[in-house]
Peer 1: 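Take a look at the following structure, please.
Since this is a predicted model, take the numbers as computed values, not measurements. Below, chains carry the letters A, B, ... as their sequence lines are ordered, and counting in each starts from 1.
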Protein chains: 2
Amino acid sequence: MKEQEVITEEQKKIARFAKAMGHPVRVYVLEKLSKQSCCYSGDLSEILPIAKSTLSQHLKELKSAGLIQGETEPPKIRYCLNQQNWDLAKKNFENLFGE
Amino acid sequence: MKEQEVITEEQKKIARFAKAMGHPVRVYVLEKLSKQSCCYSGDLSEILPIAKSTLSQHLKELKSAGLIQGETEPPKIRYCLNQQNWDLAKKNFENLFGE
DNA sequence: ATCTTTGTTCGTTAATTTGCGAACAAAGGT
DNA sequence: ACCTTTGTTCGCAAATTAACGAACAAAGAT
């Protein structure tokens, strides 16, 4: 045990992404977005068996991890992947798993 | 909202793996094991700035997610990746991120 | 000005997670 | 028998997460 920094920024980043992906609903959302570029939160709300407030929190979590982004398009909000961070996450995981 | 199952087993599996990877210490351990096949928990304990009981819990979490395994080799325990599940996790993440 | 639609935020509750030190267990060494 | 080493488990406290319904906010439609 020591006080020096032994955990890299990349490892922290991976952990941050992984944590955000650590719930089935959030994986579902990410997978959907990776397949169809965008969707409205209402679409998800109709399909997923959770309260819309709960869904909203999951989306918030994905947003704060930087994996998705939402563009307001009244009265709806269109969600897409944050392509830049999605690519970064992909790269980070590839590094971890080794090609 | 409905009652039918909309989330696949694979999505649940990804979430389970991701959750286990959702902490910097656990990412550190996984990365180390992916590079050097095996290590003793004591090696980790010397390097990581956390109590050994805390480390033990992180290892337990990785074990219960199926990502690592520990072979007792008294008085130490040798930890390795659970290669089968590691490969599965890799595949699952590749599917999610898309090649 | 009011209504409708769409999401977010608030307040609460229950469950889980993180972290520590102390106590315990296993097993070889003295 | 006892000591040492190595980890795990226990008991606890603090923080975070997950979930819900109710209340609120934004903005176009009537």
Peer 1: Check every atom of C:dT9, D:dT8, C:dC20 against the side chain of B:T54 and return the nucleotide holding the closest atom.
Peer 2: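 Within the option list, the nearest is C:dC20.
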Peer 1: Whole angstroms only, please: what is the CD-P distance between B:Q57 and D:dC10?
Peer 2: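 Spelled out: CD on B:Q57 to P on D:dC10 is 11 Å.
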Peer 1: Given C:dT8, C:dT5, D:dT5, identify the nucleotide with an atom nearest to the side chain of A:P75.
Peer 2: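 For the A:P75 side chain, the nearest candidate turns out to be C:dT5.
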Peer 1: If you look at every heavy atom in B:Y79 and B:G70, which pair is closest and at what distance?
Peer 2: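 Here B:Y79 and B:G70 meet closest at CD2-CA, 3.7 Å.
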Peer 1: Whole angstroms only, please: what is the CG-P distance between B:L48 and D:dG7?
Peer 2: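 In whole Å, D:dG7 P and B:L48 CG are 13 Å from each other.
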Peer 1: Measure from CD on A:E73 to P on D:dA27 and round the result to the nearest Å.
Peer 2: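 So the CD-P distance, A:E73 to D:dA27, works out to 13 Å.
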Peer 1: Just to be sure I understand the rule, does B:R78 reach a base, reach only the sugar-phosphate, or reach nothing, if contact means heavy atoms closer than 4.0 Å?
Peer 2: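 The residue B:R78 makes no contact with any strand.
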Peer 1: Take the protein atom CD1 of B:I50 and the nucleotide atom P of C:dT18, then report the distance between them rounded to whole Å.
Peer 2: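 Rounded to the whole Å, the gap is 11 Å.
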Peer 1: Tell me whether the guanidinium CZ or amine NZ of B:K90 lies under 6.0 angstrom from the six-membered ring centre of A:F97 and within 45° of its axis.
Peer 2: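 No.
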Peer 1: Would you say D:dT16 has OP1 or OP2 under 4.0 Å from some side-chain N or O of A:K19?
Peer 2: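 Result: no.
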Peer 1: Just the rounded figure in Å: distance from P of D:dT16 to NE2 of B:H23.
Peer 2: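 In whole Å, D:dT16 P and B:H23 NE2 are 12 Å from each other.
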Peer 1: Within this structure, what is the CD-to-P distance between A:E61 and D:dA18, rounded to whole angstrom?
Peer 2: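 Computing the A:E61:CD to D:dA18:P distance gives 7 Å.
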Peer 1: Would you say C:dT17 has OP1 or OP2 under 4.0 Å from some side-chain N or O of B:H58?
Peer 2: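 Looking at the OP1 and OP2 atoms of C:dT17, neither is under 4.0 Å from any side-chain N or O of B:H58.
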Peer 1: When we call it a touch if two heavy atoms are under 4.0 Å apart, what does B:S41 touch: a base, just sugar-phosphate, or nothing?
Peer 2: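 Sugar-phosphate contact only.
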Peer 1: Run the salt-bridge test on A:K63 and A:E71 with the 4.0 Å N-O cut-off and return the result as yes or no.
Peer 2: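 No salt bridge links A:K63 with A:E71.
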Peer 1: Could you check how far CD1 of A:I77 sits from P of C:dT6, rounded to whole Å?
Peer 2: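 Rounded to whole Å, this separation is 12 Å.
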Peer 1: Mind calculating the distance between CD (A:E46) and C1' (C:dG7) to the nearest angstrom?
Peer 2: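 From A:E46 CD to C:dG7 C1': 14 Å.
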Peer 1: Whether A:S53 contacts D:dC20 is assessed here as follows: a side-chain N or O lying under 4.0 Å from the phosphate OP1 or OP2. Is that the case?
Peer 2: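 It does not, given that no N or O in the side chain of A:S53 lies less than 4.0 Å from OP1 or OP2 of D:dC20.
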Peer 1: Would you call A:K12-A:E9 a salt bridge at under 4.0 Å N-O?
Peer 2: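 A salt bridge is present here (some side-chain N lies under 4.0 Å from a carboxylate O).
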Peer 1: What heavy-atom pair brings B:L81 and B:Q69 nearest, and what distance separates the two atoms?
Peer 2: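 Shortest heavy-atom separation between B:L81 and B:Q69 comes out as O-OE1, 3.2 Å.
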Peer 1: Go through C:dG7, D:dT9, D:dA19 for me and flag the one nearest to the B:S56 side chain.
Peer 2: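 Of the candidates, D:dT9 comes closest.
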Peer 1: Measuring to OP1 and OP2 of D:dT8, would you say a side-chain N or O of B:Y79 lies under 4.0 angstrom away?
Peer 2: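 Checking D:dT8 against B:Y79, a side-chain N or O does come within under 4.0 Å of OP1 or OP2.
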